[in-house]
Each structure stands twice: as structure tokens, then as C-alpha cells.
2 protein chains.
Amino acid sequence: MSGGNTDVPLLVATPLAERVPVAEYGGCPVTGLFHRLGDKWSLVTLVLLGQRPHRFNELHHRIEGVSQRMLTRTLRALESDGLVHRTVFPTVPPSVEYALTSSGAALLTPLSQVAQWAVDHRASAER
Amino acid sequence: MSGGNTDVPLLVATPLAERVPVAEYGGCPVTGLFHRLGDKWSLVTLVLLGQRPHRFNELHHRIEGVSQRMLTRTLRALESDGLVHRTVFPTVPPSVEYALTSSGAALLTPLSQVAQWAVDHRASAER
DNA sequence: CAGGATCCCCAAAGATACTG
DNA sequence: CAGTATCTTTGGGGATCCTG
């Protein structure tokens, strides 16, 4: 194999055999991640939380067009992925704070590399 | 603002106003890109093409489980995004070669940063 | 060999209304 | 304030057959 392992780094976390047995949807964790973050609200939510923690209605107001249901689902998904931490303050009325976990914060850096590429190459993914 | 612009780099290519008017699906080019690459076959296709150019049936055989229709659609999408270049050799029977464009090749590097994060944090995005 | 055309299915997105 | 419940719609994904 003449040791050419620097040109195309691992991307699917497998040695990429001759035949790639993409088991199911998330056979590759990166594909799974992209599928998750590729929905309508995940990235903007992550970015806002990257600025500072937010309460539910703060996010709801800052992200124009998102419904309560979609915001809830997005936050729950990010939470179950370990990207976002949810803190409930048992006050009346209830108050919930969302913040990035260390994992989530760590993700923003590689994400910004992709963002830079997108800006440079104008990958509009139009339509 | 005490010049703290290195902690959370731009990710949505906007200044992130108080209220983010996520126009539509691809209000943010990065979200659009993730949405595109988050489908079932785009990433594995990109990675294989990152190794070397492939012909259609080569890809069809190496990516287990993909149908002709899905492979065609995936390649067409990647092509219209400027990530993949399609070369038709007017032989009989016809032969078509797919290769990464320079943009596509340039994308693999930031992508691998995300992949590294996914591997480190095991973001399985399970279920 | 490399696809285009057609039909079907189901998971996920979204709107709206209601509640602890 | 911060959600859940219910319903409807959308479109990604796949199977199959046909063709330049």
C-alpha cells in the first residue's frame, strides 16, 4: 500500500475496503452527524448556543421561523447527541437553560473549517 | 468587545444578528451543505472518489447497497454542487468517469476534521 | 455500460392547538 | 415559560423495468 495515508484522511472511520458495506443509514458516524446537523435548525441553534447559553424562549425569539415543536425536537436531538446540556431551574414559571457541552463546543471548530470552505466555494446547495 | 473573535468562528456566514432570519432551508450555506452531504450516499461517494477517479459501475460495486438510481442521483447532485466532475468517453459501450473537482478535493480536508471529532466523541447519532 | 422513467413507502418536517 | 399532542404534508429512499 506504499503508505499514502496523508492525502485522503479517514472520513468514514473504516479502512475503506474494496467493497464498502454501508450497513445502514449511519454506517458511518460522520454521515450520521451530517444527517443530524443537516436539518433545518440544528446548526443555527448550535451557533447561537456557541455565543452563550440561552433559555428556551430566547432561542425561540432569536431563530425566526422555528416552531416550538421543532425547537424542542432540535434541542432534544442535540442533547441526546451530547452536544447540548439542558438545565432545569425549578422555579415558577419554569426556566430552562441550554448550553453547549464541551463536546459541542469542540465541534464548532472543525465545523468552522467546513464553513470556511462553504464561503470560499459558495457551495449554495441551491434547490 | 474585547476582540474575542477566535472562540466561536463564523459558521453561518452572517453577523448573527439578535434575530436570525433563517430565510429558508438554505439560509445558511453551511446548513445547505450539511443537508446535502447528510444523505445516505454522498459522503461515502466523495471519499471513494477522493482515493481516485471511478467509473459508474466501479462505484456501484464498491458501495454496497446503493441502487443505480440512488447512485445516479447522488453523483448528479455532487456534480451540480461542483464537487464532482463527470467525463463521458464516447465509446461503445459508453464509459463515464467521475472524479473530484478541486473544490471537492479541497472539501475533504475540513471534512476530515469533522470526522476526527466524530471519532473522538463517538457521535453515533444513533437512531 | 450507464443511466432514465415510474411507482410506492415511510420517516421526518411542519402547522396548529392545548397544558403542567 | 416551556413544553406535549395530534394531524397533515413533504420528499428522501428504494424496487423494478426500460433504453441509447
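Computed from heavy atoms alone, side chains included, the values below leave out hydrogens, waters and symmetry copies. Chain letters run A, B, ... following the sequence lines, proteins first and then strands; every chain starts at 1.
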inquiry  = Distance check needed: D:dG12 C1' versus B:His35 NE2, whole Å only.
reply    = 8 Å

request  = For B:Glu79, enumerate each residue passing the salt bridge (charged side-chain N to carboxylate O under 4.0 Å, His left out) test, keeping only those at least two apart in sequence or located in another chain.
outcome  = none

Backbone N/O of B:Tyr98 and side chain of B:His85: donor-acceptor pair under 3.5 Å = no

request  = Report the distance from atom CE of A:Met70 to atom P of D:dG3, rounded to the nearest whole Å.
outcome  = 14 Å

inquiry  = Without decimals, in angstroms, what is the distance between A:Arg62 CZ and D:dA2 C1'?
reply    = 19 Å

key: Gap between atoms NE2 and P, on A:His60 and C:dT16 respectively (whole Å)   = 12 Å

inquiry  = Rounded to whole Å, please give me the gap between CD in B:Glu64 and P in D:dG14.
reply    = 13 Å

note = B/S/- along nucleotides 1-9 of chain C (protein heavy atoms under 4.0 Å) is BSBS-B---

task = State whether A:Lys40 places a side-chain N or O below 4.0 Å from either non-bridging phosphate oxygen (OP1 or OP2) of C:dG14.
result = yes

query = For the side chain of A:Trp117 and the backbone of B:Ser103, is there at least one donor-acceptor N/O pair under 3.5 Å apart?
reply = yes

request  = Mind checking salt bridge (charged side-chain N to carboxylate O under 4.0 Å, His left out) for A:Glu58 and listing every partner two or more places apart, or none if nothing turns up?
outcome  = A:Arg52

query = Any side-chain N or O of A:Trp41 less than 4.0 Å from the OP1 or OP2 oxygen of C:dA12?
reply = no

query = Whole-Å distance between D:dG12 C1' and A:Arg36 CZ?
reply = 17 Å

query = What distance separates B:Phe56 CZ from B:Gln68 CD, expressed to the nearest 0.5 Å?
reply = 6.0 Å

Sidechain-backbone polar pair: A:Thr101 side chain, A:Leu83 backbone, donor-acceptor under 3.5 Å = yes

